[in-house]
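Just so it is clear: chains get the letters A, B, ... in the order the sequence lines come, proteins before strands, and each one is counted from 1.
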Amino acid sequence: MTKKKIVLLDGNSLAYRAFFALPLLTNDNGIHTNAVYGFTMMLQNILVDEKPTHILVAWDAGKTTFRHKTYGEYKGGRQKTPSELSEQFPYLRKLLDAYNIPQYELDNYEADDIIGTLSKISDAAGSEVVIISGDKDLTQLASNNTTVFITRKGITDMEKYTPEHIMEKYGIEPLRIIDMKGLMGDASDNIPGVPGVGEKTALKLLIEYGSVENVYKSIDNITAKKLKENLTVNEAQAFMSKELATIEVNAPITVSVDDLAYTGPDMDKVTSIYQELKFRTLLEKIAPQAEEVLQDIDVTVIAELKESQLSEEMAIHIEMMDENYLTADILGISIANELSNFYIPFAIAKESTVLRKWLQDSSNKKYTSDSKAAFASLARYGIETDGFEFDLLLATYIVNPSTTYTDVASITREFGNADVRQDEAVYGKGAKKALPDQSIVAEHATRKAQAIWELRPIIEQKLQENDQYNLYHELELPLAKILGQMESTGVKTDRETLQVIGTELTAKLAKLEADIYDIAGEKFNINSPKQLGVLLFEKIGLTPIKKTKTGYSTAADVLEKLESEHEIISHILNYRQLGKLNSTYIEGLLKEIHEDGKIHTRFQQALTTTGRLSSINPNLQNIPVRLEEGRKIRAAFVPSEPGWYLFAADYSQIELRVLAHMSHDEKLIEAFRDGADIHTRTAMDVFGVTEDAVTSDMRRAAKAVNFGIVYGISDYGLSQNLDITRKDAQKFIDTYLANFPGVKQYMADIVAEAKRNGYVTTLLNRRRYLPEITSSNFNLRSFAERTAMNTPIQGSAADVIKKAMLDMAKRLKDEGMQTRMLLQVHDELIFEAPEEEIEKLKEIVPEVMESAIMLDVPLKVDWAFGLSWYETK
DNA sequence: CTATTCACG
DNA sequence: ACGTACGTGAATAGA
């Protein structure tokens with residue numbers, strides 16, 4: 001007979017873990033599912049990784065256990081289980097039944113004791129046992145045959161406690177974990193322990209004396225006066241705490257190991273529960289073929305397009321295999337309305353004058369999935385387009401910016417149309433990605449066009465209901481075209497400039513690398529945080545300041561605090577900084593220069609939750625500027641025509657101005673109307689001094705407070721930023737809010753509004769839903785509250801600059817200027833312009849940008865121009 | 001494929 | 001007591 005492998009799960013503990021590790025997902029029926037989902041994911045992983053022959057989920061039974069007789073306050077003061085979690089337990093039990101996994105609970109005992117008893121029996125029989133829990137107490141059960149897995153952050157990450165691992169981590173045997181708890185107690189179970197003794201002291205005592213009993217036998221050897229006194233006074237409590245922490249391994253259980261034999265899941269039952277809970281990804285894992293239930297359609301592939309086949313209102317989709325529409329080949333174009341549908345292979349489409357004429361005529365209304373992609377991809381073949389009146393991607397983004405859309409199918413499915421296949425299912429992914437037969441592509445593309453046609457009225461209706469049609473139709477939709485033009489235009493980038501900087505960087509990096517190895521006395525990979533951590537904190541022996549979930553943090557703020565401790569630190573910081581410049585900005589950007597000598601970024605218009613744009617392939621919104629070495633990279637971005645200049649204009653303090661407007665805070669409004677330096681003005685208020693008395697440190701602190709206000713302030717965040725205590729940070733915040741009562745009121749109001757409506761809005765009625773604002777989980781709720789404060793500010797600033805971009809494009813056109821808009825960097829617009837238009841730009845750019853949306857405070861725009869982006873400062 | 005780090009507003 | 005600043009994208013290491 002093969003050796004048994006027995007897996008014992010601590011049901012309550014894992015359900016709690018899953019619940020708190022995941023956001024509060026709700027399915028379409030309004031049932032919270034995060035704990036069930038997380039638990040299922042864990043279970044899946046365990047079944048795959050551990051392949052148990054026997055398995056059991058143990059549950060805590062009722063409220064009182066034998067431990068309450070010992071100590072009435074056991075587990076006292078615990079918050080009661082949130083209702084969002086307790087409603088999930090019935091589903092969990094049902095799911096485990098479907099998996100044919102035995103479940104067991106025992107009156108008067110906790111899940112721990114069931115697990116302890118079973119593990120002892122199995123262990124004695126020589127079986128391999130794996131215990132899984134979120135509760136470290138269980139580690140006392142580790143033995144040569146028994147490993148205890150404790151969940152770390154998240155749900156899939158587990159720390160494996162063997163006796164060796166416990167020895168390494170704590171320096172004690174597994175059973176001594178009980179003594180450790182006896183001494184230090186356990187706040188979560190309300191086990192008192194000995195006051196003043198924490199983990200460190202407990203371990204020190206145990207390593208020296210071995211057990212609680214022996215500590216008291218040798219009590220006279222303990223020299224620390226206060227510690228000795230605490231131990232002496234609390235002797236009874238220490239022994240009681242030890243008893244409470246001891247898992248019962250002889251509980252009167254009525255199951256035997258043989259009852260735990262695992263026979264595998266009942267897939268029909270599992271599937272139906274997954275369906276009930278809408279676990280899409282899990283469903284696909286178990287039944288990938290189930291998704292392909294598509295309605296049959298007729299597909300016509302056209303060899304020659306006739307005018308009669310096109311009408312004034314049609315859905316159109318440009319099909320490409322790759323997501324980067326600025327480089328991908330167009331495979332074909334599908335067109336549909338309620339009367340007909342057809343697919344035109346691109347080889348034919350691009351030669352069709354009938355199609356070209358129809359595409360560029362704005363009176364033909366075109367409904368598409370991504371108008372920017374359509375515009376920019378066709379532009380590469382010299383095909384002009386106009387009259388995109390519906391954009392599925394933008395429309396759904398405006399309805400809810402929090403959902404991520406990967407392809408057309410992911411959108412249509414959300415709105416109840418299941419007749420579009422996923423791109424991945426059609427083209428494959430990774431190494432298996434390949435172009436299928438034309439008939440398959442034709443059908444795929446046709447389905448998309450049909451779905452767009454069908455969904456348009458539904459989604460437009462939704463936009464009307466939410467009073468967002470204007471935002472969508474008058475702002476985002478026309479902006480898509482402007483962005484498409486910007487992407488197509490691209491930014492001329494000088495290869496040589498990058499290469500020269502690259503050569504310098506490479507030389508400096510080689511020198512730094514040699515110096516670092518020299519000081520360290522060995523070679524290692526400086527780019528590996530893991531290897532660097534070992535060197536700094538183990539070999540050299542510096543004190544770790546922060547930990548990450550995988551080890552020591554070596555982030556810049558940590559290293560900066562250690563700079564005076566060891567000469568290697570500054571070299572490493574320097575190496576990191578230059579390495580970043582070289583890999584991301586020199587090598588990275590060089591790879592992105594197209595044959596036309598330009599970089600063509602893509603602006604993601606339907607991605608951020610706040611309404612901002614983002615920039616990818618490459619990201620041109622994070623080109624270095626703060627430090628001079630990095631800023632030099634900007635010298636590589638130049639005008640594309642001789643005799644032209646780059647012209648850059650940015651909003652000054654737009655987010656704080658938006659805050660002044662939205663909060664109606666009189667003092668903040670007054671400060672901006674006065675044209676004051678806002679950080680200095682804030683410093684005067686927060687520190688209660690006159691303008692002359694504001695020092696640079698005071699201004700710096702005030703600036704950090706202003707940032708904090710915009711982000712949804714917390715004392716901890718501000719204290720980290722300024723490297724001060726939380727108390728002092730809280731004082732700053734209190735003083736600030738006392739001085740700006742309008743802001744204080746606004747922050748309270750916006751959180752209340754989010755709770756009432758479930759969402760917050762921006763100036764132009766952009767929405768962000770914040771379901772977690774009512775969560776019983778402190779972290780989730782706090783995050784939602786900060787988001788409620790930040791999103792209207794960041795999002796309204798995004799509204800302003802987007803409107804400014806439309807106005808600028810129109811103005812340039814009306815004035816018949818050659819100037820081209822190239823980039824947007826959140827509060828900044830970059831143009832290229834012939835010299836003779838610069839004077840005009842100095843006038844119209846600030847004028848247009850400052851009047852994009854009128855606020856209760858003036859908007860202020862600064863500008864500069866030069867022969868490269870570096871010079872526009 | 002995830003975690004860490006760091007560039008920007 | 002909890003444990004975090006808001007919003008992004010890209011490179012690298014190491015399972």
Side-chain angles (χ1 to χ4, degrees), chain A residues 20 77-79 153-154 156-157 187-188 401 430 524-533 546-559 572-573 576-589 591-592 601-604 607-627 629-631 633-634 650-651 653-655 704-705 707-722 726 729 733 768 776-795 797-798 801 823-828:
Chain A
F20 285 110
R78 266 206 181 177
Q79 286 232 331
K153 227 178 185 160
T156 47
D157 194 14
S188 70
F524 66 103
N525 188 341
I526 308 170
N527 286 320
S528 161
K530 195 176 170 187
Q531 293 181 33
L532 182 62
K546 226 173 30 180
K547 275 201 285 189
T548 67
K549 64 175 98 168
T550 55
Y552 312 109
S553 170
T554 66
D557 61 326
V558 170
L559 296 188
I572 288 165
L573 284 167
R576 281 250 181 92
Q577 194 200 329
L578 301 185
K580 176 90 178 177
L581 293 179
N582 199 38
S583 59
T584 305
Y585 296 104
I586 300 297
E587 290 169 7
L589 288 176
K591 274 186 258 176
E592 300 283 354
T601 185
R602 275 148 60 223
F603 291 104
Q604 302 250 65
L607 183 138
T608 73
T609 45
T610 55
R612 275 190 176 182
L613 301 176
S614 91
S615 156
I616 56 167
N617 297 137
N619 182 353
L620 291 186
Q621 289 181 322
N622 71 345
I623 303 302
V625 66
R626 292 172 190 169
L627 300 172
E629 289 112 305
R631 189 175 205 151
I633 307 267
R634 296 187 167 218
D650 68 293
Y651 283 109
Q653 306 297 351
I654 187 165
E655 292 191 338
V705 173
F707 270 104
I709 292 293
V710 169
Y711 292 156
I713 200 146
S714 76
D715 55 356
Y716 182 85
L718 183 63
S719 74
Q720 288 294 299
N721 192 291
L722 283 176
R726 266 168 70 161
I733 295 167
R768 178 170 180 184
S776 54
N777 180 317
F778 176 88
N779 283 330
L780 295 178
R781 191 178 62 249
S782 303
F783 184 51
E785 287 169 358
R786 292 198 296 273
T787 312
M789 299 184 234
N790 172 263
T791 295
I793 301 173
Q794 193 183 113
I801 193 163
L823 295 173
Q824 186 251 47
V825 192
H826 310 307
D827 64 355
E828 180 183 12

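For dA15(C), one of the phosphate oxygens OP1 or OP2 lies less than 4.0 angstrom from a side-chain nitrogen or oxygen of K530(A). Using a 4.0 Å cut-off, no side-chain N or O of S714(A) falls inside it from OP1 or OP2 of dA5(C). Note on S528(A): a side-chain N or O is less than 4.0 Å away from OP1 or OP2 of dG14(C). Between N525(A) and the phosphate of dA13(C), there is a side-chain N or O to OP1/OP2 separation shorter than 4.0 Å. For R786(A), a side-chain nitrogen or oxygen approaches OP1 or OP2 of dC6(C) to under 4.0 Å.
Checking side-chain atoms of E629(A) against main-chain N and O of L578(A) turns up no donor-acceptor pair under 3.5 Å.
Heavy-atom nearest nucleotides on DNA chain C were determined for T610(A) and for N617(A), and the one closer to the 5' end corresponds to T610(A). If R768(A) and Y716(A) are placed on DNA chain C by their nearest nucleotide, the residue sitting closer to the 5' end is Y716(A).
dA3(B) and dT4(C) have their P atoms separated by 14 Å, with the value rounded to a whole Å. dG3(C) and dA7(B): their C1' atoms are spaced 26 Å apart (whole Å).
What you find for V710(A) and N790(A) is that their closest heavy atoms are O-ND2, 3.0 Å. Across all their heavy atoms, P618(A) and L589(A) have their closest contact at CG-CD2, 3.9 Å. Closest approach of L607(A) to Q604(A), counting heavy atoms only: CD1-NE2, 3.3 Å.
No engagement by Q720(A) is indicated, since no non-hydrogen atom pair under 4.0 Å with the nucleic acid exists. Residue contacts shown for R576(A) are limited to sugar-phosphate atoms, with no base heavy atom under 4.0 Å away. At a threshold of 4.0 angstrom between heavy atoms, the contacts of N779(A) are confined to the sugar-phosphate backbone, with no base atom among them. At the heavy-atom level, L607(A) lies under 4.0 Å from the strands shown only through sugar-phosphate atoms. Using a 4.0 Å heavy-atom cutoff across all strands shown, N619(A) reaches sugar-phosphate atoms only and no base atom. If you check every strand for non-hydrogen atoms under 4.0 Å, V825(A) touches sugar and phosphate atoms only. Among the heavy atoms of the strands, none lies under 4.0 Å from A797(A). No engagement by T791(A) is indicated, since no non-hydrogen atom pair under 4.0 Å with the nucleic acid exists. F783(A) comes within contact range of the sugar-phosphate backbone alone, with a heavy-atom separation under 4.0 Å but no base atom that close. No contact: G712(A) has no heavy atom under 4.0 Å from any strand. Using a 4.0 Å heavy-atom cutoff across all strands shown, A704(A) reaches at least one base atom of the nucleic acid. Using a 4.0 Å heavy-atom distance criterion, L718(A) is classed as a base contact.
For DNA chain B, the contact window with chain A, defined by any atom under 4.0 Å from a protein heavy atom, covers dA3(B) to dG9(B) in 5' to 3' order.
Rounded to whole Å, the distance from CD on E592(A) to P on dA10(C) is 8 Å. D715(A) places its CG atom 13 Å from the P atom of dA1(C), with the value rounded to the nearest Å. When the P atom of dT8(C) is taken as reference, atom CG of N622(A) falls 14 Å away, rounded to whole Å.
Checking N527(A), L559(A), L581(A), I526(A) one by one against R576(A), the side chain to side chain contact (heavy atoms under 4.5 Å, CB included) holds for a single residue, L559(A).
Using a 4.0 Å cut-off between a side-chain N of Lys or Arg and a carboxylate O of Asp or Glu, R612(A) and E655(A) qualify as a salt bridge.
Side chains of R726(A) and S719(A): a donor-acceptor N/O pair is absent below 3.5 angstrom, by distance only.
When both distances must be under 3.5 Å, the Watson-Crick or G-U wobble mate of dA1(C) does not exist.
The CD1 atom of I733(A) lies 4.0 Å from the CD1 atom of I713(A); values are rounded to the nearest 0.5 Å.
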